[in-house]
Amino acid sequence: SNIEKTENSWMFCYSFILFLKRSHKMFCGDFFHLKRFVFYYSSFIFDYFCSMNVYSQILTNVAQGKKMLCLLIDPDKNTVESLRQLLFVIKDSTLDFIFVGGSLLSQNIDETIRLIKQETTIPVVIFPGSMHQVSAYADALLYLSLISGRNAEYLIGQQVQSAPLIKKMGIETISVGYMLIDGGKPTSVEYISNTLPIPHDKEDIAVATALAAELIGMKMLYLEAGSGAENPVSERMISQVKKHCSVPMIVGGGIRSVEA
């Protein structure tokens, strides 16, 4: 199920303790009931932790100091055959997630995600360029708000229009403060959203923008230089945002090598 589970593990522990407190008479001196109790709860605990959602996986990795790697697949830039070839290469890789989405999307996102799910076990997360890029086949959706710009349509307009459908689908939704950073040349995101990116060397503006997103209650940050950017987001900007903000951060755009 894609229905989002609780993010607070203490709630699970509290309910378990309550159950123990109220049910101790059930198996005291009764070996049969004791066995049934152990079997039931061991199955429940196994199911709970094995069905950990995408955001919980991210938080667990961050807590362990593990960096994560995601691959973005734009359905418009891949044929069925080229996508199959790509999936064959990456299916045994160390990728943590596959993002699916694009600034312009004419292809069927459902078909792309279903093919990915058929060929790999890597979790699929929608990285939407518009309110139409939603699919019940995905494991989660990044609910982006373009906080670096001042265009209300991408701050909240698209989200309002898509919210009822997303709620109905029951897909796990992760609120993300999306920050476009100048990557050296105009990008598709900049053009489509009609917004200006944060200047490449303005770490103070990036930090203030990221802090606003965190204080509003967004679960993650996404620093994006844009597809085809000449320069990725600078290490200094990344380190400054990370220093002042505690929520997980994604960095993308212009990354074409391990060094970048």
Side-chain angles (χ1 to χ4, degrees), residues 55 58 61-62 67-74 76-77 95-105 125-131 133 140-159 174-260:
Y55 186 60
I58 292 171
N61 289 338
V62 170
K67 302 296 187 293
M68 289 159 276
L69 180 63
C70 311
L71 173 69
L72 174 61
I73 293 178
D74 186 338
D76 280 342
K77 296 179 179 179
L95 281 174
D96 294 281
F97 305 104
I98 294 176
F99 287 180
V100 176
S103 298
L104 293 172
L105 192 61
V125 180
I126 299 175
F127 175 53
S130 74
M131 64 181 182
Q133 297 179 29
L141 177 142
L142 300 183
Y143 209 40
L144 305 175
S145 180
L146 185 53
I147 57 175
S148 58
R150 299 298 180 266
N151 185 341
E153 180 65 16
Y154 290 91
L155 273 170
I156 189 63
Q158 295 269 319
Q159 294 81 352
I174 306 169
S175 58
V176 179
Y178 186 51
M179 299 167 55
L180 187 59
I181 312 298
D182 184 12
K185 70 176 186 178
T187 62
S188 297
V189 177
E190 183 179 342
Y191 179 81
I192 295 295
S193 66
N194 193 27
T195 62
L196 293 175
I198 294 174
H200 187 77
D201 59 345
K202 298 296 183 181
E203 292 87 9
D204 54 342
I205 297 177
V207 169
T209 305
L211 279 173
E214 181 175 4
L215 293 175
I216 287 170
M218 293 182 178
K219 296 178 179 178
M220 296 185 65
L221 298 168
Y222 197 132
L223 275 61
E224 167 78 286
S227 178
E230 293 180 352
N231 304 306
V233 181
S234 70
E235 291 184 15
R236 178 173 173 78
M237 182 175 286
I238 294 170
S239 63
Q240 286 298 305
V241 172
K242 183 178 179 181
K243 177 181 177 181
H244 291 88
C245 298
S246 59
V247 296
M249 178 171 53
I250 305 170
V251 180
I255 302 174
R256 302 181 184 85
S257 64
V258 175
E259 291 73 20

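- For residues 224-246, no residue pair satisfies the ring pair (Phe, Tyr, Trp, His ring centres under 6.0 Å) rule, not counting sequence neighbours.
- Atoms CD1 and CG, on Ile58 and Asp96 in that order, are 9.0 Å from each other to the nearest 0.5 Å.
- The nearest pair of heavy atoms linking Lys185 to Asp182 is N-OD1, 4.1 Å.
- Scored by the ring-ring contact (aromatic ring centres under 6.0 Å, His included) test, Tyr222 finds Phe127, Tyr178 as partners (sequence neighbours excluded).
- In this view, Thr187 and Leu180, Val189, Glu190 satisfy the side chain to side chain contact (heavy atoms under 4.5 Å, CB included) rule, not counting sequence neighbours.
- Taking both residues in full, the closest heavy atoms of Glu230 and Gly184 are given as OE1-O, 3.6 Å, listed atom of the first, atom of the second, then distance.
- No more than 12 heavy atoms of other residues, nucleotides or ligands shown are found within 6.0 angstrom of CG on Asn194.
- Note: Ile174 CD1 to Leu142 CG = 5.5 Å, rounded to the nearest 0.5 Å.
- Asp74 meets the side chain to side chain donor-acceptor pair (under 3.5 Å) test with no other residue; sequence neighbours excluded.
- How far CG of Leu95 is from SG of Cys70: 8.0 Å, rounded to the nearest 0.5 Å.
- Contact annotation: the side chain of Leu146 never approaches that of Asn151 to less than 4.5 Å [non-hydrogen atoms, C-beta and beyond].
- A donor-acceptor pair under 3.5 Å is absent between the side-chain atoms of Tyr191 and the main chain of Pro186, judged by distance alone.
- Under the 4.5 Å side-chain criterion, counting only non-hydrogen atoms from C-beta, Met68 is in contact with Val62.
- No side-chain donor-acceptor contact under 3.5 Å links Gln240 to the backbone of Glu235.
- Remark: Leu211 CG to Ile216 CD1 distance equals 11.0 Å, nearest 0.5 Å.
- Judged as a side-chain hydrogen bond (donor to acceptor under 3.5 Å, both in side chains), the pairs with a partner in residues 197-217 (not counting sequence neighbours) are, in order, Glu214-Ser246.
- The two residues Pro128 and Leu144 come nearest to each other via the heavy atoms O-CD1, 3.5 Å.
- The minimum heavy-atom distance linking Gly177 with Ala213 is given by the pair CA-CB, 4.3 Å.
- In this view, Thr195 and Ser193 satisfy the side chain to side chain donor-acceptor pair (under 3.5 Å) rule, not counting sequence neighbours.
- Contact detail for Ser103 and Ser188: the closest heavy-atom pair is OG-CB, 3.6 Å.
- Checking side-chain atoms of Gln158 against main-chain N and O of Met131 turns up a donor-acceptor pair under 3.5 Å.
- If you take CD1 on Ile198 and CE on Met179, they are separated by 4.0 Å, rounding to the nearest 0.5 Å.
- Interatomic distance, Asn231 CG to Ile181 CD1, rounded to the nearest 0.5 Å: 12.5 Å.
- Of the possible polar contacts, one joining the Ser175 side chain to the Lys219 backbone as a donor-acceptor pair under 3.5 Å is found.
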